[in-house]
**Q** 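Dropping the structure in here first, questions after.
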Amino acid sequence: QVQLVESGGGLVLAGGSLRLSCAASGSISSENAMGWYRQAPGRQRELVAVLAHGGRITYGDSVKGRFTLSRDGAKNTVSLQMDSLKPEDTAIYYCKIVTIWGVTWGQGTQVTVSS
């Protein structure tokens, strides 16, 4: 019913930037919460940023001031601008959407930040 495709991951030096995109297709609306989560080796999946109903954006404490979440006018794509990247940001980043059909995850995109 719903599909998510992530793109934009890669290898970057510490202090650099990357922009991730998540394209949603299927039965979705602007009312559906969408966001990004990440999972680093040996760690649980954690919140990066989420856009909730009404437009409120919540960021994980470790990325506040460095990452910016946005959604396009068509409400079918969310982007995560990541600046001032640190090696600690290295993880697989997953897009997530919650609809009446349930929770859908993207396949993930690898972000690697080297010193």
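Scope of the values below: all heavy atoms of this structure, side chains included, with no hydrogens, waters or symmetry mates.
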**Q** Can you pull the ring-ring contact (aromatic ring centres under 6.0 Å, His included) pairs that have at least one residue in residues 9-38, sequence neighbours excluded?
**A** Tyr37-Trp105
**Q** In the single-linkage hydrophobic clustering (I, L, V, M, F, W, Y; side-chain heavy atoms under 4.5 Å), do Val78 and Val98 co-cluster?
**A** no
**Q** To the closest 0.5 Å, what do you measure between CG (Asn32) and NZ (Lys96)?
**A** 12.5 Å
**Q** Mind checking the CZ-CG spacing from Arg66 to Leu85? Nearest 0.5 Å is all I need.
**A** 6.5 Å
**Q** If hydrophobic clusters are built by linking Ile, Leu, Val, Met, Phe, Trp and Tyr wherever their side-chain heavy atoms come under 4.5 Å apart, do Ile57 and Tyr93 end up in the same one?
**A** yes
**Q** Give me the atom names and distance for the closest heavy-atom approach of Ala24 to Leu4.
**A** CB-CD2, 3.5 Å
**Q** So, for Leu13 and Ser115, which heavy atoms are closest and what is the spacing to 0.1 Å?
**A** CD2-O, 4.4 Å
**Q** How far apart are the closest heavy atoms of Ala91 and Gln110, and which atoms are they?
**A** O-NE2, 3.4 Å
**Q** How close do Gly108 and Glu6 get, counting heavy atoms only, and between which atoms?
**A** N-OE1, 2.9 Å
**Q** Do you reckon Phe67 sits in the same ILVMFWY cluster as Leu51, going by side-chain contacts under 4.5 Å, direct or chained?
**A** yes
**Q** Let me check something: do Met34 and Tyr59 share a hydrophobic cluster, defined by ILVMFWY side-chain heavy atoms less than 4.5 Å apart, either directly or through other members?
**A** yes
**Q** Between atom CG of Leu80 and atom CZ of Arg19, what is the distance when rounded to the nearest 0.5 Å?
**A** 8.5 Å
**Q** So does Gln107 have more than 12 non-hydrogen atoms from other groups sitting under 6.0 Å from CD?
**A** no
**Q** Which pair of non-hydrogen atoms, one from Ser27 and one from Val2, has the smallest distance, and what is that distance?
**A** O-CG2, 3.8 Å
**Q** Would Thr99 and Gln1 count as a side-chain contact (heavy atoms from CB on, under 4.5 Å) here? Give the steps.
**A** CA-CA 10 Å; Thr99 71; Gln1 189 67 34; 6.0 Å; no
**Q** Leu11: which residues meet the side-chain contact (heavy atoms from CB on, under 4.5 Å) condition with it, sequence neighbours left out?
**A** Thr112, Ser114
**Q** Does Leu18 share a hydrophobic cluster with Tyr94, counting links as ILVMFWY side-chain heavy atoms below 4.5 Å and allowing steps through other members?
**A** no
**Q** Between Leu20 and Arg38, does the side-chain contact (heavy atoms from CB on, under 4.5 Å) criterion hold? Intermediate values first, please.
**A** CA-CA 12 Å; Leu20 306 182; Arg38 68 187 184 187; over 6 Å; no
**Q** How many angstroms lie between atom NE2 of His53 and atom CD of Glu31, to the nearest 0.5 angstrom?
**A** 5.0 Å
**Q** List the atom of Ser29, the atom of Arg71, and the distance in Å for their closest heavy-atom pair.
**A** O-NH2, 3.2 Å
**Q** To the closest 0.5 Å, what do you measure between OG (Ser25) and CG (Asn76)?
**A** 9.0 Å
**Q** For the atom pair OG1 (Thr104) and CD1 (Ile97), what is the distance rounded to the nearest 0.5 Å?
**A** 7.0 Å
**Q** Does the pair Asp89/Lys86 count as a salt bridge with the N-to-O cut at 4.0 Å?
**A** no
